[in-house]
Amino acid sequence: MELSAATPQKIVVTGGAGFIGSHTVVALIEAGFEPIIVDDYSNSEPRVLEGLKTILGRDVTSFTIDCNDRAAMAEVFASGPIAGVIHFAAFKAVGESVEQPLKYYRNNLDSLLLLLELMPQFGVKNLVFSSSCTVYGQPEQLPVTESTPRLPAQSPYGNTKAICEDIIRDTVTAKTPVRAISLRYFNPIGAHPSALIGELPRGVPANLVPYLLQVAAGKRASLTVHGNDYNTPDGTAIRDYIHVMDLAEAHVSALKVLADADTDSFYDVYNIGTGRGASVLELINTFKEVTGIDLPYALGPRRPGDVEQIYADVTKSAQGLHFQTKRSLADALADAWRWQQTLS
Ligand code: WQD
């Protein structure tokens with residue numbers, strides 16, 4: 001079945017109530033697709049569906065199931081015809097993966113294996129997989145291209161992403177009728193401009209922007225900058241922060257490329273970032289420019305496992321996906337702050 005945005009092609013979005021998943025649901029509908037959310041809400045909340053309904057002016061079909069549940073997933077595919085799958089559902093807390101590796105290997109690998117078994121049974125050919133720049137570790141050269149060697153993962157979480165990429169590659173090499181693209185995300189931040197959906201961190205946020213937002217909202221006393229002795233212009237670590245709506249739209253671009261693939265078995269990998277690195281201090285300063293808020297922060301020691309700097313070479317995704325980011329770091333921080341204020 002060829003994908004076309006003209007008639008509403010059904011796209012299964014596993015983890016579709018999550019941070020990146022929910023924003024991708026918006027982008028899919030705006031592109032004329034019909035997303036079907038599959039989520040067990042282990043790391044998201046049903047309120048996301050209300051936010052989506054307000055943004056979209058309509059309900060989105062959703063199934064509250066564990067995407068490791070074979071019978072339940074087969075039912076979803078049977079409700080088709082399904083034109084494609086975007087697979088977000090995975091545990092993604094780096095620290096937790098170090099403490100509970102088997103939980104991560106079991107969940108993150110099994111859910112992909114099940115999809116790859118079910119898709120050919122139901123004639124579903126197109127798969128977009130949520131991967132991560134973490135597979136590069138600390139690259140020798142910057143910016144990283146898709147042919148930059150993957151380094152041994154810094155965490156079991158990161159390893160599950162590398163292993164999943166290899167599982168997809170080998171499945172396609174075996175001529176299984178699957179056309180797949182892995183998107184290696186850099187650092188997704190921000191929220192939908194309506195402030196009706198956004199990131200919902202649980203407990204103490206591990207990631208910089210959600211933590212920074214909670215400090216700005218007065219929920220936490222101060223931000224600790226993990227390391228200012230890196231070999232970077234201001235000594236703090238550099239990342240490629242991409243607006244979550246840009247990242248969401250990259251998934252639509254990937255689906256359209258799969259639609260045009262001229263073989264039944266196809267696999268490719270793309271970096272999805274802005275192509276520009278920003279340091280921790282730059283984020284703090286940009287946040288102040290955008291909101292007027294002077295964040296209290298302290299300089300602390302490096303965080304174990306962190307890479308010094310990584311940002312994407314976006315040439316391939318510009319050429320191969322016809323994808324380019326449209327939103328700035330300031331846009332992302334402004335949208336993130338508007339969302340945080342609704343939480344407070
Ligand atoms: C960014 C920078 C921190 C918190 C992680 C995962 C990666 C992906 C994105 C899933 C680093 C610094 C952070 C704080 C700080 N997740 N920092 N103070 O580590 O680049 O990537 O999230 O795919 O797989 O590894 O993102 O936001 O945690 O950190 O100084 O309170 O901010 O040291 O330099 P990271 P992050």
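In each ligand, atom 1 is the first atom listed, and ligand 1 is the first ligand listed. Positions are given from 1 along the sequence.
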May I ask you to identify the nearest protein heavy atom to [atom], giving residue, atom name and distance to one decimal place in Å?
atom	value
atom 21 (O) of ligand 1	Asn187 ND2, 3.7 Å
atom 27 (O) of ligand 1	Leu208 N, 2.8 Å
atom 15 (C) of ligand 1	His226 CD2, 3.3 Å
atom 2 (C) of ligand 1	Tyr241 OH, 3.6 Å
atom 20 (O) of ligand 1	Arg239 NE, 2.6 Å
atom 18 (N) of ligand 1	Thr224 O, 2.8 Å
atom 19 (O) of ligand 1	Arg303 NH2, 2.9 Å
atom 5 (C) of ligand 1	Asn207 ND2, 3.6 Å

Worksheet item: Strictly under 6.0 Å, is that where the ring centroids of His251 and Phe33 end up?
Response: no
Worksheet item: So is Lys92 polar-close to ligand 1, meaning N/O to N/O under 3.5 Å?
Response: no
Worksheet item: Would you say Val225 has any N or O atom under 3.5 Å from an N or O of ligand 1, going by distance alone?
Response: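 In fact, backbone or side chain, Val225 has no N or O that close.
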Worksheet item: Looking only at side chains, do Ser131 and Glu165 share a donor and an acceptor under 3.5 Å apart?
Response: yes
Worksheet item: Just by distance, with hydrogens left out, do Asp170 and Thr173 show a side-chain donor and acceptor under 3.5 Å apart?
Response: no
Worksheet item: Can you find a heavy atom in the side chain of Glu34 that is under 4.5 Å from one in the side chain of Ile11?
Response: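 Counting from C-beta outward, Glu34 and Ile11 never come under 4.5 Å.
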Item to complete: Please tell me if the side chains of His23 and Ile197 come closer than 4.5 Å, counting only heavy atoms from C-beta onward.
Response: yes
What atoms in ligand 1 come closer than 4.0 Å to a heavy atom of [X]?
X	value
Ser132	23 (O), 24 (O)
Tyr157	10 (C), 23 (O), 24 (O)
Thr134	24 (O)
Val280	12 (C), 30 (O), 32 (O)
Ala237	34 (O)
Val94	6 (C), 25 (O)

If we set the cut-off at 4.0 Å for heavy atoms, which region of [X] has an atom near ligand 1: side chain, backbone, both, or neither?
X	value
Asp306	side chain
Tyr297	neither
Ala206	backbone
Tyr185	neither

Discussion item. Give me the atom names and distance for the closest heavy-atom approach of Leu49 to Ser62.
Written reply: CD1-OG, 3.6 Å
Worksheet item: Can you name the closest pair of heavy atoms from Val178 and Pro120 and give their distance?
Response: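 That closest heavy-atom pairing would be CG2-CG, 4.4 Å.
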Worksheet item: Roughly how far apart are Lys161 NZ and Asn159 CG, rounded to 0.5 Å?
Response: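 One finds 12.0 Å between NZ of Lys161 and CG of Asn159.
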Worksheet item: Once you round to the nearest 0.5 Å, how far does CG of Asp240 lie from CD of Gln309?
Response: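 Asp240 CG to Gln309 CD: 11.5 Å, rounded to 0.5 Å.
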Practice prompt. List the steps, then state whether side-chain contact (heavy atoms from CB on, under 4.5 Å) holds for Leu283 with Tyr241.
Written response: CA-CA 9 Å; Leu283 250 79; Tyr241 298 96; 3.3 Å; yes
Discussion item. Regarding Asp246 and Lys326, does a basic nitrogen lie under 4.0 Å from an acidic carboxylate oxygen?
Written reply: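 No, Asp246 and Lys326 are not salt-bridged.
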Item to complete: Kindly confirm or rule out a cation-pi arrangement of Lys92 over Tyr157, judged by NZ or CZ under 6.0 Å from the six-membered ring centre and within 45° of its axis?
Response: no
